[in-house]
Each structure stands twice: as C-alpha cells, then as structure tokens.
Amino acid sequence: MLPLVTASAAVAPQLAVEPVPFAMDATNQAAWWNPVAEHDGATYFAFDAPADEENLHEVHIAKRTDTGEWTVGCLRAGDGSCVRYNDDIGHHQPSIAVDGRGHIHAFVSMHGHGWRYYRSDEPGSVTTLTNHSAEMPDTDGGVTYPTTTSTPTGDVYLIARVASAETGASPSGRLYRWDVDTSTWTRVAVFAHEPGYAIYPDQLQADRRGQVHILWEWADGSASGIRHLGSYLVYQPEHDRFVGAGGLPVRVPVTTEAPADVVYQPLEGEESKDDGTSSVDPGIQSAKLVLLDPAVRPGAVAYRYRPEPGALFQVRWAQWDGRRWVRETIYSGAMETEAAIGATYHDRVARVYYTFKPPMCDPGSTERGGLFLAEKEVSLRPVRTDAGWTVSLLEDESAILRLATTTRDDGTDVLYLAAPNIDDPPASRLYYATLPRTEDSAEGSADVLASASAAEDETNWAYAADVMVSSALTPQSGGTCLVDGNRTDRNSRWISARGDLTPTATIQLAQPVDVDRVEVYSGYFTDSRAIVRAFTVELLVDGLWQPVASVTDNTRNPVVVDVAGSAPADQVRLVLTDPSGYEGGSDLARVFEVEVYGSRVP
C-alpha cells in the first residue's frame, strides 16, 4: 500500500484566465473527453451549449486566434439549423481534433449511440461542421467515450468504447485512424476486449514519431463508477503492432490478464476487478497521460485512485522505469478531488492539475476548494519517494470542476476550464487559461527538444539497466547517464574521472540476450576530438568475460559495433583504451549513450 502523504503548498504560478465569451451548458462536465485542440496558432474549444428546449443541448466549437479574437459555430443539420441532442451529464461531451489540412473533426453526444461525427468543410472553420457519420467504420456499433489525437503527419486517431455484434454483449476498445492523404477513416484494431468487462477510454496521444499512446481502465459488467487495472499500450503504425511500456510486442485485443508492463495500476489491497459494478470498491476514476522526452519513452500517468471502500480519492503518478511501473502519491488529504485531472510535461518538469469542491459548513477547515497544480522535476529513472511535488492553488473563485490540457512547443500549458452549475445553469462558465513555464525552463528546453531518441524500432536492452563505471568526473556524470535514452543532451553523459586511463562501463541486462550489436554515442557538440577513439566490447558468458569486438581510430558518432553470433550474455562491458582525441588531463570518456540490441533468450 502506498503511504498517505500531502505535498507541501507553494506560491502559485501566474495563471492567466480568460472567460470564453459564449454560453456553456451546465451538463458540459466529464473527465475523459478531449475538448481542446491547437492548430496553426489557433485554439479550439468544443463544448455543450444551451438549446432552446429544456434537457437538450447544442454542440458548439469556439476558435481563438493568437491575437485573442473569438468566433463560434454549431454543428449543422442538413437544413442548416444547429443540431440538438439529449442531455446526459458525464457522457455527452464532445471530443475534437484538427488534421494536417486544418479540418476540424468532432465526435459528440454518444452514449451507446451510433456515430455522431462532424467535420468542417473548410480548414479552420467552426461554422461549416456537417455530419459525416456515414464515413465511419463499424456503423452497426453503439459508441461511448470517444477521445482523439492528431499526429505530426496530420493524421487523426480515435479510441472509443464500442458495443457491436462482433464482440458480443461486452463492449470493446477500438482504435480508428483518419488518413489525411486519402481522407478516409479505417478501423486499426480492437485493442482491448474481454467478455464480462467494459473498457473506459481515458486518453490517447501521438508522439513526435507518430506512435499512438493509449490509456484506459476496465470495469466489471457494462458500467461502473469505479474501474480497475489502469492500462497503457503503444501503437506503432510503421510496424502495425502494439507494444507495452517495456517495448515488447503485445497481442491484441488485450484482456484483464495483460502483461505487467501494460498495467500501470494493478489490483491493490482488497480491490477486485469483479466488483459487481460497485461504485465504492477500491479503484480508478479518471486518468491522463504525459509523454516524456525523448518522445519514444513510455508515457507517465496521472490518475485518481480510491485506496479502500469509502475512502477519498488520491491523486497518483505512475511512471515506467525500464523494468516496472513506479507509483507514488501526489495528494492524499482531507478533501475529495473532482472526477477530472490534467497532466503535462516539458523540459523535465511534470505538471498535474486537479480540482476540489469548496468545503461546506466547516469554517475551521484549512483545506480550500479550487484548481490546484502539482509540479515536480521528473527523473527518467524514477524511484518512488512520494516527495518533491510542489502544490500551488491556481484559482479558487470560479468554481472550476472539469478541465482539459494541452501543451505548446514552448512549454506553455493551455487549459480548458469548465465551471458547470446545475443549480443555476445560466451561471455555468467556460474559461480559456494559459500557464507558461518559467523563463529558465523555456530556455533550457532546446537541448531536450533537439535530442535524438533511443531505441526507435527495436528493444534497447540497455535502457534503464543497472550500470557500473570505473570512475566519474562528477556525481552528475555517472553511469546512469549511459542508459537514460538520451543520445545528445550534453547534461546527460558519462564522463570519466581524470587519471582513469582505461575507463570501463559494465551494463547489467535484465535478462540474457543474444546480442547482435552495440551502439555507442559519444562526443561533445561538434568537436570531433571528444568522440571515443578506441574500445573493446566484452560479453559476460557463463560467468566469464569474452571480448567480441574492438574499435580503433574511430571518428564516427554513433559507432555501431556488430557482435552477431556471440553466445547469450547478461552483462555487456565497454573497455575504453583511448577515451578521446584529447591528450593529458582532458583525455576523458565522454559518452552519451550505450545501446544494446538483440534477441531475448527464451
């Protein structure tokens, strides 16, 4: 069981809040949809708006230019009128995405319904969204909880819970793709399904390589307020395959018996996945994903978790450390968080947003309602400490209960903040907010954004492994820098100590591997003298070190060493016989990364 801790309070960063100048319906409240998108300098907000009849709503999309000008439009029926749908709190919120050509895609107001899909006829236009539902695959299915993302190539991906005859009575999790070049939708896969269980999509994001990261939960039966087995998959379009956080292929559809690297939050304590659709058992409710630099890394997850029946929800963080999911508690206090959470990451700093209702009838309480932010500099090799999160109160006057986030390239977070008011519906408001990173972190981000990424298409068995080096120039330049996935960041290098004439680095693999090749990234900026000149590669086979390759007179970065045909090994050692092209006290090893590729021994 994780310890119960509350992070310390801090001075609030400068949040800029701007009311969206259009009416929002009081039913616009949920935690698992994607109502915000940015494209070509503009921000798009999708929301349920009041209709002219009770218990109905329209769906509007507002556009804000980079100069602060707002326009709005509704989804259009064939006769040009605004489409109206029945209210359904927590289920009928819209998700949007903008493709590479600027067309807006909106999936709206579905809770077991057939597709309700609209697309703008003109790029960037919020006034020309018309019905394109007939273009979707699986037109016989009932769709719930659609959520979206756009890729760097301009495609759009969608996940949703879909019930159809194909998968029987239990709804499945399905992944769809919009090909921007052919302007067509296809179903990629049923990524999760098990009879007797339903999936709850949380989020999906595309990284800079176009991989699609998927987040969801499981519920017993057809529906439950509390879910279990928080789960994570990565779809690799280039190979048309799914992998877990550990990078190994995963057969889909996955079930509740998925591999450990797929499940970021396993069953805990008295928790049971067979909870009889209870809403009080231990379990999850709402989760959001962040992608860590470099982009190929597994994501981290911020989520709400109830540790025991009747307890308050905690705010938790789960991160893959190369071998397992490491979990820690961000908030576990005396107030109940709302069923909404946001998470972002930039320049090594993670942000998690969450909200509370203001306390009632307790003037002596020291807890405050409002929008809160927890921040922490995140190590790419996490150790569970439940410490280091700094908590700030961002806003406590606007009754913010629901939120969504996205992050710009400069690290500025854009927040969609909803303040629904069922008791006084006209008082419901939607806010646009921005929260920049500090000036220092924005300046430091260039190294991270420019960094190459490790293990793009294969499993790098050295990633996050235990490393022993013969020496290190400083505590910050030790062996862990060799296996953190960063090939180019000058702040993430192993640098040997002065006087160490033959530096060595020994990498302990998690399991025996038939090693095919070893890649070594070394140097410093464009100075070719800093590249490793000569070294040998040795493998520990049956307890004995065996030299399998040597490199001399090297001027390449990276240098790829072929060692195919060697026996299975569980350790790899580099012996640097000429650490660099420098002489004297500057002749040090300067190695960004060592990567080991090959086949896992059965």
Side-chain angles (χ1 to χ4, degrees), residues 34 37 97-100 147-160 173-181 185-192 201-216 230-254 258-259 261-264 287-302 318-322 325 343-346 350 378 380 406-407 409 448-461 463-464 484-488 593 595 597:
N34 181 40
V98 183
D99 67 27
T147 186
T148 53
T149 192
S150 301
T151 73
T153 61
D155 291 347
V156 172
Y157 281 86
L158 164 79
I159 57 171
R174 304 192 186 189
L175 174 67
Y176 302 90
R177 175 196 176 203
W178 167 261
D179 188 322
V180 70
D181 293 328
W185 280 99
T186 56
R187 186 220 286 180
V188 175
V190 176
F191 66 85
D202 279 309
Q203 193 179 24
L204 78 167
Q205 288 193 48
D207 63 33
R208 285 174 285 182
R209 280 184 42 227
Q211 298 181 129
V212 181
H213 302 248
I214 304 170
L215 206 62
W216 80 97
S231 301
Y232 166 85
L233 273 179
V234 181
Y235 175 64
Q236 298 177 327
E238 183 178 359
H239 305 289
D240 190 26
R241 69 181 181 188
F242 291 83
V243 299
L248 297 178
V250 176
R251 185 186 298 273
V252 295
V254 299
D261 66 340
V262 173
V263 182
Y264 68 82
K288 293 297 180 184
L289 174 73
V290 295
L291 302 181
L292 307 180
D293 290 321
V296 296
R297 287 188 177 280
V301 185
Q319 184 179 341
W320 182 256
D321 73 350
W325 286 99
T344 65
Y345 176 86
H346 183 79
V378 175
L380 298 181
T406 188
T407 306
D409 289 342
V448 177
L449 294 177
S451 296
S453 55
E456 292 187 350
D457 299 315
E458 304 171 75
T459 298
N460 169 21
W461 296 102
Y463 169 63
D484 65 356
N486 200 320
R487 296 169 172 170
T488 61
E593 196 78 5
E595 299 174 11
Y597 296 96

Lys288 bridged to Asp202 by N-O distance under 4.0 Å: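 Salt bridge absent between Lys288 and Asp202.
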Less than 4.5 Å apart, side chain to side chain, heavy atoms only: is that true for Gln236 and Val243?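 Yes - at least one pair of side-chain heavy atoms lies under 4.5 Å apart.
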Check: Val234 and Val212 side chains under 4.5 Å, non-hydrogen atoms: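 The answer is no; the side chains never approach within 4.5 Å.
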Please evaluate residues Tyr597 and Asn460 with respect to the criterion side chain to side chain contact (heavy atoms under 4.5 Å, CB included), reporting the C-alpha separation (whole Å), side-chain torsions for both, the decisive distance (0.1 Å), and the verdict. CA-CA 5 Å; Tyr597 296 96; Asn460 169 21; 3.9 Å; yes
For Leu233 and Val254: C-alpha separation, side-chain torsions, deciding distance, then whether side chain to side chain contact (heavy atoms under 4.5 Å, CB included) applies. CA-CA 9 Å; Leu233 273 179; Val254 299; 4.2 Å; yes
Least distance between heavy atoms, [X] atom then [Y] atom:
X	Y	answer
Val301	Ala287	CG1-CB, 4.0 Å
Gly154	Asp99	O-CB, 3.3 Å
Ser150	Val98	OG-O, 2.8 Å
Thr147	Leu204	O-CD2, 3.1 Å
Asp207	Arg209	OD1-N, 2.8 Å
Trp216	Pro201	CB-CA, 4.0 Å

Could you measure the distance from the [atom1] atom of [X] to the [atom2] atom of [Y]? Nearest 0.5 Å is fine.
X	Y	atom1	atom2	result
Tyr157	Arg177	OH	CZ	4.5 Å
Leu158	Thr149	CG	OG1	10.5 Å
Arg208	Leu291	CZ	CG	9.0 Å

Do the rings of His213 and Tyr232 sit parallel, tilted or perpendicular, given the 30° and 60° boundaries?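 If you compare the ring of His213 with that of Tyr232, the planes turn out tilted.
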Would you call the rings of Tyr235 and Phe242 parallel, tilted or perpendicular, where under 30° means parallel and over 60° means perpendicular?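 Rings of Tyr235 and Phe242: tilted, 30 to 60°.
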The test is side chain to side chain contact (heavy atoms under 4.5 Å, CB included); show your working for Arg487 and Glu595 and say whether it passes. CA-CA 10 Å; Arg487 296 169 172 170; Glu595 299 174 11; 2.7 Å; yes
Whether [X] side chain and [Y] backbone form a donor-acceptor pair below 3.5 Å:
X	Y	result
Asp155	Val180	yes
Thr406	Ala37	no
Gln205	Leu289	yes

Going through the distances and angles, do Phe191 and Ile159 end up as a side chain to side chain contact (heavy atoms under 4.5 Å, CB included)? CA-CA 9 Å; Phe191 66 85; Ile159 57 171; 3.8 Å; yes
Applying the ring pair (Phe, Tyr, Trp, His ring centres under 6.0 Å) criterion to Trp320, which one of Trp325, Tyr463, Tyr264 satisfies it?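 Running ring pair (Phe, Tyr, Trp, His ring centres under 6.0 Å) over Trp325, Tyr463, Tyr264 with Trp320 returns exactly one hit, Trp325.
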